[in-house]
Colleague: 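Structure in structure tokens, see below.
Convention: sequence-line order gives letters A, B, ...; per-chain numbering from 1.
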4 protein chains.
Amino acid sequence: MLKKQFNDTRNRFVDICKDLKTEDYSVQPCIFVSPPKWHLAHSTWFFEQFVLLEYKADYKVFDEDFAYLFNSYYNNAGKRVLRPNRGLMTRPPVEKVYEYRAYVNKAMNEFLDETSNEKAQATVSLGIQHEQQHQELFYYDIKYILGNQPTFPKLKNNLNLTEVHDKPSWIAIEENVYDIGHKGQGFCYDNELGRHKVYLNRFEISDQLVTNLEYMEFIEDGGYQNFNLWHAEGWDYIQNNDIKAPEYWHKVEGAWHYYTLNGFEKVNPKLPIMHISHYEAFAFAEWKNNRLPTEFEWEAASSKFDFGLLWEHTHSAYLPYPGFSKAPGALGEYNGKFMINQKVLRGASVATVENHSRPTYRNFFHPNMRWQFSGIRLAK
Amino acid sequence: MLKKQFNDTRNRFVDICKDLKTEDYSVQPCIFVSPPKWHLAHSTWFFEQFVLLEYKADYKVFDEDFAYLFNSYYNNAGKRVLRPNRGLMTRPPVEKVYEYRAYVNKAMNEFLDETSNEKAQATVSLGIQHEQQHQELFYYDIKYILGNQPTFPKLKNNLNLTEVHDKPSWIAIEENVYDIGHKGQGFCYDNELGRHKVYLNRFEISDQLVTNLEYMEFIEDGGYQNFNLWHAEGWDYIQNNDIKAPEYWHKVEGAWHYYTLNGFEKVNPKLPIMHISHYEAFAFAEWKNNRLPTEFEWEAASSKFDFGLLWEHTHSAYLPYPGFSKAPGALGEYNGKFMINQKVLRGASVATVENHSRPTYRNFFHPNMRWQFSGIRLAK
Amino acid sequence: MLKKQFNDTRNRFVDICKDLKTEDYSVQPCIFVSPPKWHLAHSTWFFEQFVLLEYKADYKVFDEDFAYLFNSYYNNAGKRVLRPNRGLMTRPPVEKVYEYRAYVNKAMNEFLDETSNEKAQATVSLGIQHEQQHQELFYYDIKYILGNQPTFPKLKNNLNLTEVHDKPSWIAIEENVYDIGHKGQGFCYDNELGRHKVYLNRFEISDQLVTNLEYMEFIEDGGYQNFNLWHAEGWDYIQNNDIKAPEYWHKVEGAWHYYTLNGFEKVNPKLPIMHISHYEAFAFAEWKNNRLPTEFEWEAASSKFDFGLLWEHTHSAYLPYPGFSKAPGALGEYNGKFMINQKVLRGASVATVENHSRPTYRNFFHPNMRWQFSGIRLAK
Amino acid sequence: MLKKQFNDTRNRFVDICKDLKTEDYSVQPCIFVSPPKWHLAHSTWFFEQFVLLEYKADYKVFDEDFAYLFNSYYNNAGKRVLRPNRGLMTRPPVEKVYEYRAYVNKAMNEFLDETSNEKAQATVSLGIQHEQQHQELFYYDIKYILGNQPTFPKLKNNLNLTEVHDKPSWIAIEENVYDIGHKGQGFCYDNELGRHKVYLNRFEISDQLVTNLEYMEFIEDGGYQNFNLWHAEGWDYIQNNDIKAPEYWHKVEGAWHYYTLNGFEKVNPKLPIMHISHYEAFAFAEWKNNRLPTEFEWEAASSKFDFGLLWEHTHSAYLPYPGFSKAPGALGEYNGKFMINQKVLRGASVATVENHSRPTYRNFFHPNMRWQFSGIRLAK
């Protein structure tokens, strides 16, 4: 079962990369984007470092240099290539990284056949979830890599947003104490643990995501020019970066177009708005005289609506739940050390691996970031 | 009563500046510090702009240029000198700014004698509180101005920290729903309003602030070299800025010294630690295997301990309370637009004007800032 | 004679500062501008460091800290305040700097009465020339300090440019070998020494400086928009810094105005163009289908025209003459180490102290600088 | 003849790239390095833009986008990808660029068979020289790309420096007027034209390049720590960039090693020192109590020594010769607009295409650059 999950996940990554050109694998257009080759190798290194080296007798690493090349941010796992330099490593070439994946897969399959160590199995589970996260990041990154080239190359994919057909309606949630956080035996990250009570006032939340049409109205109404709608830092950010529309949007002959992995096309007004930062989501909500939900409101209401199209901005800062504690060693660096200056997003997106989502899942990004697949659900 | 409060506040600012050299008034050593002259003029402009121009018939502004020169961040009140340039305005000279203060004081006294407009009076109250905040900022700023000069000049003052004599003990607070936020008729800021219920688990909080002695132990134990204690961004920040001790601390011949307004002297181990950022407070708490309290815990426990020495770092992000709404117009820019990427500090400091503090008062700074008079109270 | 020259120079600096406000003395709006207080102290420190400490028995320094505070760039004379921080030193206050000047003047007068040491006297001569250079820099700097404030304050002065009345005519200089460099016994800097032969082709040089009128024609003709006129680096520089006119020029209601120390006024078309960088001078010459003279051409022709209004841009890079050698020790840092990436300007300006100019004098600035009093003389 | 030269040059570029991995073609580790793919395409675009589109009837461009993608700095030839983004274009892939080369080669061969237009032929000559320059740049760039990766990959090549066996001796050149600049009918760049007389004092110049051994002595003697040897800007540059040895040098277990395209190996003391900037060459010459030759001295003496191992730093700024004039249109941007802030290097290097060098050839780089194949010849 774990072995099947492992192999499915590993195969899926190779599968979603199969239409890339060799050149697409290595480039890093900005610091927050990682090259596909790096994702492929790093998610492999995770199994090598935290499972095989830890638990498999006589395991021989594929290449001594790779720990240095493909560690992401685990200080406890040694030195590493600085993040801005990930795109400069032309070697190992892509083919070598695929050999690395095959080598580690083989060793992992052997290991999964022979082991009954529960701690090791838990780390394998974490590694699978980790790789699934990187598969989602891969989509953010390849879209950024291709969508910022003057020729707007396409990439075959099956990420399909669905149109928002009906009028949104408001779901009312009553004032009460709610239980928040992960429950039960299934996998969750450490940041979801510490199920605890949160007191919520009565609120209402939309059953639908905001559409491109609504967002275009915000733009046309001067939303990007009205400082009263914005956080002071958001306002500075859009001024300094000359932001007047969502990521990938371009006005061509008076009409809004955007880059998608299917190419450069006219904005579909019925689809949910996507690629807006927390700053933009906040300003849009102000303009609507609504607000973003907190992550607790979102979770308390989540059984009443569908989600899974886009990660939904919340008003909440990314903070530890009561009683949060980090795992010892390098894996303790997974979540806790990022709990500052970031905002929680809830839900999942069309780029999320199936079964990787939960109502208690806490995703997080800095408030200026918008290359992730993010959307807006309003509350009031 | 309001008039007396007005005049007391206004006179106090002149009083605390009386030992400055003319040169000290104009300098801006970094972007977050404002020159004393600017504080004196800006707090005056606030009354001119929001009270006299708004409510006093036939009021004639002292100088047409001053709105441009001394507006801080109120976009709704027009254009202004960019923040980094505040220290470059040698004109008007200091003497002119004192004339400006006298001119506005005279007009305000006339106005306060004649008016019964409650909205105007509320704005005067806000202006008084605003000026008191700038008087506290003045102390942060002048300490930074003088404390970063090679000659460490002194400034006469009566800001006295008191020693922490006894062993700290833990105060236990029971699990319950607590009411949080301002209650009653007295003055408060908009960010304290929206009294609401918060569910708290049982916790314990120290009755004392952390001392210099304890913090020196943290330093000696390698606290600034152990990445596991830090947020990832905190770690990057102290690396990039080569931070190895609190602001104003210097090691001289093996012993820690610091700059205070009384001069350069040996660190007193019994005084509370001061001038540490949220990043440093967090790392210290990790090292102690404790944590910082949330602002809700702090408020719920605040009747059980004394405060008023230093602003106390909390774990909470600066976010609006349920039902928060901004005032219309420029004064709506006072607090709300800063509710992103900042951390709440609670309490008050020795630089806070008497009666300016409340248990519900929410101060806020970015997590890297440490020129403010900040300290640490632990929780667990 | 040397004593009179010393006292005249020293008194002149106090004299030209007498209309400054105390606040004007301490500010540093950008890295290449130094505060007037710093100039006053640094030129004094030069005599203390290189004359009094070197040659006067039992001389006691005025203040031990001043060497650190007021050294400019002499690595051999010890550590010093970093250049960008000169404007942050509010202490010593201005009055203390004037005491410092008086103290050093007294000691210097005693010393000049008693000494007959020729090396010491030569250093005094250098110190006088040095202070005269700083008096000229003072004018560049105070103009920048005042001219970049929104209120455009005036300063009483007697720097008067004279109008260029007549049509310029071309002076022809024949092909030949010319002697270049300082000759005779009078004072000169080390960079003028090494009189040597230079072979020049026939050329013509204008007898007049380019006027504001001609420069306005260049602007109106799109000079700042035509990349073909500019060096690649010049073009980048004006794009990145959004430069579309000389320093201090502003277009108000369709007419060019500029800041002068006499206030903000309409551009006088008959005055020579001023405050243009080498980049701009080069582009203007290209537009005219002329060129800038080399410094050798300028010197060879200099007896045929008047100069002294503005420093005149030349085409020459600032390089050592054949046989150039630096003085030993700190004074060897005076000129030689700057002989890279700079351009030579020849002549003198209305801000130059009388008798401080010579036809062989080599001034130098980076090609982007334009706060100095610079003008254009064309050649072909 | 021209056709053979064209085809030889074009084929050579494909040949020297044949051992690259696909990934190596696209990366740009810093702004001054261009990806090999870009060089291959840009040198092709040059023929398409300036020959085929200009002179060949009915020529159809290979791809409309390529002018935008592969123009370097010719403002007159339209908009283009910004220099720092050259490494982000994963498309077109390498194979497409090779198709582009073949397509243009075919059209060029047809054109060269049919044309007798001398202006067109001159542009073809220029295009050949241009491509040869890019072939040399390719070596600088690929060395930088590979040499800054942690794994130090090798690349097969035939660039061989030869050892400097004997004691260097000084060649004396007498004081006289010398003719400088290109003479005769062969190809030269516009910056070599304007043959003119230069008066030179007697000087001596070494018959050999400085060796690694001599340079290691400079390092061991504290050359990088002694500010008196450096230009002020050079000193700042090495401080700010933490430079303590030539590019590609690393000290491993007490011994100097360097990266070469043959791998990471111990420094050979007998080879000429390489990859030093003008700043470093100047400091080394100061330390030796010698100096760098001027470009005029170098040219006047060049018949007396061999050159061709490394480009040799000169003291001369890159300036136009008397009578220099730019070609009209885009090709006028080839050289002239760079004649500011750069230094002349003379000679040729082992990476220079055979017959691409001349005693009058003027190469130029900024004084901080050192990724080019540069060396030192002393004068006095």
Colleague: One thing to verify: whether E95(B) and K21(C) come together as a salt bridge, which I'm taking to mean a side-chain N less than 4.0 angstrom from a carboxylate O.
Modeller: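 Answer for the salt bridge query: yes.
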Colleague: Taking NZ in K96(B) as the centre, count heavy atoms belonging to other residues, nucleotides or ligands within less than 6.0 Å. Is the count above 12?
Modeller: no
Colleague: When rounded to the nearest 0.5 angstrom, what is the spacing between OG1 in T151(B) and CG in L69(C)?
Modeller: 6.5 Å
Colleague: Can you tell me if CG on N241(B) sees more than 12 non-hydrogen neighbours from other groups inside 6.0 Å?
Modeller: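 Buried by this count: over 12 neighbours within 6.0 Å.
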Colleague: Can you check whether L88(C) reaches Q28(B) side chain to side chain, under 4.5 Å on heavy atoms?
Modeller: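 Sidechains of Q28(B) and L88(C): no contact.
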Colleague: Given side chains that start at C-beta, do those of M89(B) and P150(C) come closer than 4.5 Å, heavy atoms only?
Modeller: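 Sidechains of P150(C) and M89(B): in contact.
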Colleague: Does K154(B), at its NZ atom, have more than 12 non-hydrogen atoms belonging to other residues, nucleotides or ligands within less than 6.0 Å?
Modeller: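 Result for NZ/K154(B): open.
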Colleague: Ignoring hydrogens and geometry, is there a side-chain-to-backbone donor-acceptor pair from E23(C) to T22(B) under 3.5 Å?
Modeller: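 It does not hold such a pair.
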Colleague: Using a 4.5 Å cut-off on heavy atoms from C-beta on, say whether the side chain of L146(C) contacts that of T90(B).
Modeller: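 With C-beta onward as the side chain, the pair touches.
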Colleague: For D65(B), which atoms come within 4.5 Å of any heavy atom of chain C: side chain, backbone, both, or neither?
Modeller: side chain
Colleague: Any side-chain heavy-atom pair from R91(C) and Q149(B) closer than 4.5 angstrom?
Modeller: yes
Colleague: May I ask you to name which of G87(C), P153(C), P93(C) has the most heavy-atom pairs under 4.5 Å with chain B?
Modeller: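 Max contact count across the listed options: P93(C).
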Colleague: Y25(B) versus chain C, heavy atoms under 4.5 Å apart: side chain, backbone, both or neither?
Modeller: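 Neither part.
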